[in-house]
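Working notes, structure below.
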Amino acid sequence: MGDLFLVRHGETAWSRTGRHTGLTDVPLTEHGRGEARQLVPLIRSHRIGAAFSSPLQRAWETAELIGLHEVRADADLKEWDYGGYEGVTTVEIHRERPDWFLFTDGVAPGPPEHPGETPEQVGERADRMLAKVDAAHANTEGCVVLVAHGHFLRVLTARRLGLPPSAGALFQLATGSLCRLGTEHGRHVIAGWNIRPGA
């Protein structure tokens, strides 16, 4: 089985200020575009068998900037639906809920168009996406690349390693970074994490 590369999109104005950016479709900043471009040599050094991206513009543009071709948009790669915490910072949430922690507590309910997701619901999406990754590995040669969002990719990593969704808390992930998940003796492992060439 080939490696799985995870790319977190570049910086946005909301990620720069710590606002929870779920389904709000904010664009990359110029700095974020630069972060994406710095990943090009790392991507080009590998044979890519399949590539998937979140349809949200910050991820889709990142996929374009790093030079991926024939990218498939997949809604399962969207960021965590933060519900009532969309656009709110952790500092602001802690004023009302000092012990709140996303990966165990989930989010406050939001409006009907984005009601919010529990950690378990995000984990279910991650499992569906990993099934698609495995199918792509079975039908193509080379690595599979996913371009998506920080919290979602952290949950997906936990699930790939056989851990509960809450274990995504263990994997810090910066904007414009690349991670590599591989195998060792038939078991899924982290082969490279949070790689940022210009950092």
Side-chain angles (χ1 to χ4, degrees), residues 2-82 86-87 114 122 125-126 128-137 139-157 160 168 171-182 190-199:
D3 286 345
L4 173 59
F5 285 89
L6 311 178
V7 177
R8 184 183 175 193
H9 63 76
E11 179 197 78
T12 70
W14 280 27
S15 69
R16 184 176 60 227
T17 55
R19 297 172 70 181
H20 284 91
T21 318
L23 306 184
T24 303
D25 205 5
V26 296
L28 297 176
T29 61
E30 281 306 313
H31 178 72
R33 293 183 182 98
E35 288 181 318
R37 290 185 189 103
Q38 288 181 333
L39 295 176
V40 171
L42 297 179
I43 294 294
R44 283 189 179 160
S45 65
H46 297 277
R47 181 175 180 182
I48 306 302
F52 300 86
S53 175
S54 160
L56 296 172
Q57 64 175 318
R58 58 194 185 272
W60 192 256
E61 185 178 6
T62 297
E64 292 177 340
L65 289 168
I66 63 177
L68 295 177
H69 303 288
E70 298 181 18
V71 181
R72 289 176 263 180
D74 197 303
D76 278 337
L77 284 170
K78 286 183 178 180
E79 180 60 294
W80 198 311
D81 179 351
Y82 296 120
E86 182 76 7
H114 63 95
V122 179
R125 280 201 290 121
R128 288 198 303 268
M129 196 66 233
L130 288 169
K132 296 170 197 176
V133 167
D134 290 341
H137 274 137
N139 292 304
T140 61
E141 294 183 11
C143 305
V144 174
V145 180
L146 304 181
V147 184
H149 311 272
H151 283 143
F152 176 78
L153 289 175
R154 291 168 69 174
V155 171
L156 182 138
T157 297
R160 190 57 153 182
F171 307 110
Q172 185 182 55
L173 189 55
T175 57
S177 62
L178 174 73
C179 304
R180 182 177 179 179
L181 303 182
I190 296 173
W193 191 259
N194 213 19
I195 301 162
R196 293 186 296 161

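Fair warning: this is a prediction, and the values are worked out from it, not measured in the lab.
Of the listed residues (R33, R16, R58), just one forms a salt bridge (Lys or Arg N to Asp or Glu O under 4.0 Å) with E11, and that residue is R16. For the side chain to side chain contact (heavy atoms under 4.5 Å, CB included) criterion with L6, the lone passing option out of L178, L156, V144 is L156.
The structure places OG1 of T175 at 3.5 Å from CD of E35, a figure rounded to the nearest 0.5 Å. To the nearest 0.5 Å, atom CG of residue L146 and atom CG of residue L68 are 10.5 Å apart. For the atom pair CG of N194 and SG of C179, the computed distance is 5.5 Å after rounding to the nearest 0.5 Å. If you take CZ on F152 and OG1 on T157, they are separated by 9.5 Å, rounding to the nearest 0.5 Å. For the atom pair OG (S15) and NE2 (H149), the distance works out to 11.5 Å, reported to the nearest 0.5 Å. Atom CD1 of I190 sits about 11.5 Å away from atom CG of L4, to the nearest 0.5 Å.
S54 has its side chain out of reach of V147: every pair of non-hydrogen atoms, C-beta onward, lies at least 4.5 Å apart. Looking at heavy atoms from C-beta onward, T21 lies out of side-chain contact with L56 at the 4.5 angstrom threshold. V155 has its side chain within reach of W80: a pair of non-hydrogen atoms, C-beta onward, lies under 4.5 Å apart. Between H20 and H151 there is a side-chain heavy-atom pair separated by less than 4.5 Å.
Contacts of F52 classified as ring pair (Phe, Tyr, Trp, His ring centres under 6.0 Å), with partners at least two apart in sequence or in another chain: none. The side chain to side chain donor-acceptor pair (under 3.5 Å) test applied to Q57 returns no partner, not counting sequence neighbours. Remark: E86 engages no residue in a salt bridge (Lys or Arg N to Asp or Glu O under 4.0 Å) (not counting sequence neighbours). Applying the side chain to side chain donor-acceptor pair (under 3.5 Å) rule to D76 yields the partners R128, K132; only residues at least two apart in sequence or on another chain are considered. For R125, the side chain to side chain donor-acceptor pair (under 3.5 Å) criterion is met by E117, not counting sequence neighbours.
In terms of modelled atom types and a separation under 3.5 Å, the side chain of H114 and the main chain of D81 share no donor-acceptor contact. The backbone N or O of W14 lies less than 3.5 Å from no partner atom in the side chain of R19, so there is not a single donor-acceptor pair. Remark: side-chain polar atoms of S177 are not paired, donor with acceptor, to backbone N or O of R196 under 3.5 angstrom. Remark: the backbone N or O of L173 is paired with a side-chain donor or acceptor of R8 at under 3.5 angstrom.
Between W193 and F171, the ring planes are tilted. Angles from 30° to 60° get that label.
The shortest heavy-atom contact between D3 and G182 is OD1-CA, 3.4 Å. The two residues A59 and A148 come nearest to each other via the heavy atoms CB-CA, 4.3 Å. Contact record, T62 with A36: CG2-CB, 4.0 Å, taken as the closest heavy-atom pair. In terms of heavy atoms, V71 sits closest to S53 at CG1-CB, 3.6 Å. F5 and C143 get closest at one heavy-atom pair: CE1-SG, 3.2 Å. A pairwise comparison of heavy atoms in I43 and I48 identifies O-CD1, 4.3 Å as the closest pair.
Under the 4.0 Å criterion applied to side-chain N and carboxylate O atoms, K78 and D25 are not assigned as salt-bridge partners.
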* Test side chain to side chain contact (heavy atoms under 4.5 Å, CB included) on D74 and R72 and set out the steps. => CA-CA 6 Å; D74 197 303; R72 289 176 263 180; 6.0 Å; no
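For residues 41-51, every residue pair satisfying the side chain to side chain donor-acceptor pair (under 3.5 Å) rule, not counting sequence neighbours, is listed here: R47-E141.
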